[in-house]
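Within every chain, numbering begins at 1; the chains are lettered A, B, ... in the order of the sequence lines, protein sequences first and strands thereafter. Excluded from the calculations below are hydrogen atoms, water molecules and symmetry mates; all remaining heavy atoms, backbone and side chain alike, are included.
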2 protein chains.
Amino acid sequence: MSKPGQHVISRLRQMILSGELESGQRLAEIPTAEQLGVSRTPVRIAFRTLEQEGLLTKLSGRGYMVRQVTQAEISGSIEVRGVLEGLAARQAAENTLSKAQTNELRELLKQGDDLFAKGSINEQDLAIYHDMNQRFHQIIIEASLNPAIAEALSRNEHLPFASVSALAFDRNNLVQEYRRFNFAHMQHHAVFDAIHNGQGSRAEAIMREHANATHGYAKIFSQMEKNGEKMHVLNNINSII
Amino acid sequence: MSKPGQHVISRLRQMILSGELESGQRLAEIPTAEQLGVSRTPVRIAFRTLEQEGLLTKLSGRGYMVRQVTQAEISGSIEVRGVLEGLAARQAAENTLSKAQTNELRELLKQGDDLFAKGSINEQDLAIYHDMNQRFHQIIIEASLNPAIAEALSRNEHLPFASVSALAFDRNNLVQEYRRFNFAHMQHHAVFDAIHNGQGSRAEAIMREHANATHGYAKIFSQMEKNGEKMHVLNNINSII
DNA sequence: TATGCATAAATTGGATCCAATATTTATATT
DNA sequence: AATATAAATATTGGATCCAATTTATGCATA
């Protein structure tokens, strides 16, 4: 049996993000504790932590609920991420990248070039690009030397406003996804160039536009919502990020 | 005796923000529980909550510590608040203010005009302006209709990057504070005008500049730090906000 | 005197019991 | 049948005990 403790939080978080616990589903301490094979104490702490992370909503007197997010909230979150990552790009440009950061960013861009050179992508390519994209953004946030950015971002990291990056939600349309991600990749090039040349304002502007591309996915969710389809939002979102 | 429960969190938070618990001070569950007259359980939950709020730092195996913030973190936080409040101003302009919001903002600006018309301010004026300023910013954040902004801001609300607003830290120099706050007040006018005229980009730019004015206070803290003075940062910051 | 090891102390983590509160259900009354 | 009231249920909140882990201390040894 896996170690208990802090792991209850991770386990519940993973269950929410994977969609195993559906958006809107109610959770009470006792049944959850029994299900996980632990006592109420760690579950209580986990619920409060996940509530603060924005993954659970408290229902006074009736337990907790897996948070439901509306399309408006998704769009708003995309905007927030845009300005925060834009600030990161600006400050990274002002601070100058370290040699190691420059090298790793160049390597990531190179790998992306190879990926898109074929003129088409498959699901595996998307998975690869997903990881590369995450790393790309992470480096820039680190290079900003502003821990407050990561702190502000962490509140919403499970939400869908992420930069255009990874596994397409609608994987059936790989032609469209190729265009989408190839364009995002070109934006990465532009962001890097601006940062590398110390053009803070330019880097910020491109990064904000880059983040806005994610609105396309928000629209897909919106459409699903209208069609009455179940919106495993947190799940899908997380795949996209 | 006051009701226990959720109040342990509020009490500890207030003790930290007021400076009663000094920055860097260690806190353990048992002594804290005894001091507050409760059991360990609510204290445990409170510690984790306050850690997530950024008020406590966990020391593995040695309890918790009231968070210490460096001057660099303060400056970084000011920048973060700048872009978030800038976004709020932009979106408020795009959404159009409600009649009630327009009226209240106008009333606040009018009261500010009266306050600064005298050509000087005293401590009481600063306290009044503090409340007015908070309300001014709150309305704009609400008018953005973007809850993600408030959510991202909440993570840092106890930190010092706030908009130039309120009780001067260095209250002895009231002439300088008059200039500082009068200028901030004029920026409020400009932000309102831009929002009212639907000029989103302009509103955002002014708001960002407005937030940057707070850097002046960060420098004061920096100076104190160099002089080896104790930096009750959270306390002072909170008074300034 | 410095260092490594063993022991003691401090501290958090988990489980369980009891208390308080809010919600739901059932019942009686009009 | 609708409503108010009361009982029952569900659920969280707090206290306390025990376990596990980490840190601090002291002692022996080189």
Legend entry - Spacing of A:R40 atom CZ relative to C:dC18 atom P, expressed in whole Å: 14 Å

Inset, instruction - Using whole Å, report how far CZ of A:R62 lies from P of C:dA22. - result: 13 Å

Inset, instruction - Select from A:T41 and B:G61 the residue whose nearest nucleotide in DNA chain D is closer to the 5' end of that strand. - result: A:T41

Legend entry - Atom-pair distance (CD1 on B:I30; C1' on D:dT23), nearest Å: 15 Å

Inset, instruction - Taking only Lys NZ, Arg NE, NH1 and NH2, and the carboxylate oxygens of Asp or Glu, determine whether A:E104 and A:R135 approach each other closer than 4.0 Å. - result: yes

Legend entry - Side-chain ion pair, B:R40 and B:E29, N-O less than 4.0 Å: yes

Inset, instruction - Measure the distance from CD1 on A:I45 to P on C:dA15 and round it to the nearest whole Å. - result: 11 Å

Legend entry - Whole-Å distance separating the OH atom of A:Y64 from the P atom of C:dA22: 15 Å

Inset, instruction - Tell me whether the OP1 or OP2 atom of C:dT11 has a side-chain N or O from B:R26 closer than 4.0 Å. - result: yes

Legend entry - Rounded distance (Å) that lies between atom C1' of D:dT16 and atom CD of B:E34: 13 Å

Inset, instruction - Would you indicate which nucleotide in C:dT12, D:dA15, D:dT23 comes nearest to any side-chain atom of B:E29? - result: C:dT12

Inset, instruction - Please work out which of the three classes, parallel, tilted or perpendicular, describes the rings of A:H188 and A:F136, given edges at 30° and 60°. - result: parallel

Legend entry - Nearest-nucleotide pick for A:S39, side chain only, options being D:dA15, C:dT11, C:dA15: C:dA15

Legend entry - salt_bridge(A:E79, B:R90) N-O dist < 4.0 Å: no

Inset, instruction - Take atom CZ of B:F47 and atom P of C:dT11, then tell me their distance rounded to the nearest Å. - result: 11 Å

Inset, instruction - For A:L59 and D:dT11, give me the distance from atom CG to atom P, rounded to whole Å. - result: 11 Å

